[in-house]
There are 2 protein chains.
Amino acid sequence: MDLPEPLPEPAVDEIRLEHVFAALSDPLRLEIVRKLLLESEAFDHSCGWFGFDRPKSTLTHHFKVLREAGVTRQRQYGLERRSHVRTDDLNARFPGLLDLVTTDKRR
Amino acid sequence: MDLPEPLPEPAVDEIRLEHVFAALSDPLRLEIVRKLLLESEAFDHSCGWFGFDRPKSTLTHHFKVLREAGVTRQRQYGLERRSHVRTDDLNARFPGLLDLVTTDKRR
DNA sequence: CACGTAGTACGATAAAAGTCGTACATAGGG
DNA sequence: CCCTATGTACGACTTTTATCGTACTACGTG
């Protein structure tokens, strides 16, 4: 089955550890990635799904930061732009990193 | 053998993942931690040891950020303030994170 | 076609972070 | 005592990041 082309993103070997750390150092983006990992492994989600109480322009900004750091992959489905975590790529490059995100205890 | 008291630092269970990510998202601080891990596991080092071409005030700032995030522990030895990575604490809280720092390939 | 929706680029603003010079405190040695 | 060295707090400046409103584009539906 053909998927739409992903939006521009770094190649696997271009993903920089400090860029990934920077992307995940914001609490909102950390929560986005955690939610993607824990609650939606099988399929993508558009921006609206996350239920964050933020203007769309703010969420657009954060999704772009995650994509440009190489943490997420985004594809356009008609009106919707869906994201999921580049789990295989990140596990190849930084094994265990995503486990830290899912197991970190929140207040 | 008595060591000097560490400078103020967060308790193990107060260390926040996003604070650690933020501390390690700066290339200079990432390099400081990597160097501490790879080249000096057995003993502490003062600021001068790292050989960074930066003013002392800049290095003081970065060492403080690392300590306040809970990544490093600093102790005062006479004139010198020596740092090492809180390896046991970080491995307990975020297993595998420090491995990512040491194995990350640099340009 | 019109309309509603998703999502964006742009720009403005505010906040945060990084850089570094300066003057200072402290420690240690002679 | 003086001198040197380590390292800092403070403040100023620059850069980066976060927030969000606005106007817009593109898509899907009727």
Side-chain angles (χ1 to χ4, degrees), chain A residues 2-9 16-33 35-36 40 43-84, chain B residues 2-9 16 18-33 36 40 43-84:
Chain A
D2 280 354
L3 295 168
E5 275 301 297
L7 272 64
E9 63 184 30
R16 302 291 304 270
L17 183 59
E18 64 265 35
H19 294 168
V20 173
F21 282 157
L24 296 176
S25 67
D26 180 85
L28 179 62
R29 291 197 294 271
L30 190 59
E31 187 63 19
I32 288 173
V33 174
K35 230 174 173 180
L36 283 173
S40 59
F43 48 95
D44 303 317
H45 286 285
S46 63
C47 293
W49 170 79
F50 293 86
F52 294 113
D53 186 18
R54 296 298 184 101
K56 291 187 295 171
S57 47
T58 301
L59 297 180
T60 294
H61 160 74
H62 284 293
F63 279 96
K64 183 177 184 181
V65 171
L66 286 170
R67 171 168 54 86
E68 289 181 348
V71 175
T72 54
R73 173 166 292 147
Q74 283 181 293
R75 291 189 168 92
Q76 195 77 33
Y77 293 82
L79 270 174
E80 289 183 350
R81 187 171 287 187
R82 297 177 185 169
S83 303
H84 66 274
Chain B
D2 281 354
L3 295 168
E5 276 301 295
L7 273 61
E9 63 185 29
R16 300 291 301 274
E18 65 265 34
H19 293 169
V20 173
F21 282 158
L24 296 176
S25 68
D26 179 85
L28 179 61
R29 291 196 295 270
L30 188 59
E31 188 61 21
I32 289 172
V33 174
L36 283 174
S40 59
F43 46 94
D44 302 320
H45 284 284
S46 62
C47 291
W49 171 79
F50 294 84
F52 293 113
D53 188 20
R54 298 295 186 100
K56 291 188 294 175
S57 46
T58 303
L59 296 179
T60 295
H61 161 74
H62 285 294
F63 280 95
K64 184 176 182 179
V65 170
L66 286 171
R67 174 167 52 84
E68 290 181 347
V71 176
T72 55
R73 172 165 294 146
Q74 284 182 293
R75 289 188 171 96
Q76 194 76 35
Y77 292 79
L79 270 176
E80 290 183 348
R81 184 168 290 186
R82 298 179 185 168
S83 303
H84 66 275

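Lettering follows sequence order; numbering is per chain, from 1.
- Distance NZ (B/K56) to P (C/dT26): 16 Å, rounded to an integer number of Å.
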- Sugar-phosphate atoms are those with a prime plus P, OP1 and OP2; base atoms are the rest. Using that split, label each nucleotide of nucleotides 24-30 of chain D B, S or - for protein heavy atoms under 4.0 Å, 5' to 3'. --BBS--

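- Counting to the nearest Å, the P atom of D/dT16 and the CD atom of A/E68 are 15 Å from each other.
- With A/R29 contributing its side chain and A/A23 its backbone, the two residues share a donor-acceptor pair below 3.5 Å.
- Nucleotide C/dG18 holds its P atom 12 Å from the CG atom of B/L24, rounded to whole Å.
- From A/E5, atom CD reaches atom CZ of A/R75 across 7.5 Å, with rounding to the nearest 0.5 Å.
- At a cut-off of 3.5 angstrom, counting only N and O atoms as typed in the model, there is a donor on one side and an acceptor on the other between the side-chain of A/S57 and the base of D/dG21.
- Nucleic acid contact for A/H61: base, since at least one base atom lies under 4.0 Å from a heavy atom of the residue.
- Rounded to whole angstrom, the span from the CZ atom of B/R82 across to the P atom of D/dA5 amounts to 18 Å.
- Straight-line distance from the CG atom of B/L28 to the P atom of C/dA17: 16 Å, rounded to whole Å.
- Nearest-nucleotide positions on DNA chain D place B/L7 closer to the 5' end than the other of B/L7 and A/P55.
- Rounded to an integer number of Å, the gap from B/F63 CZ to D/dA9 P is 14 Å.
- One distance of note links CG of B/L24 with CG of A/L24; it measures 11.5 Å at 0.5 Å rounding.
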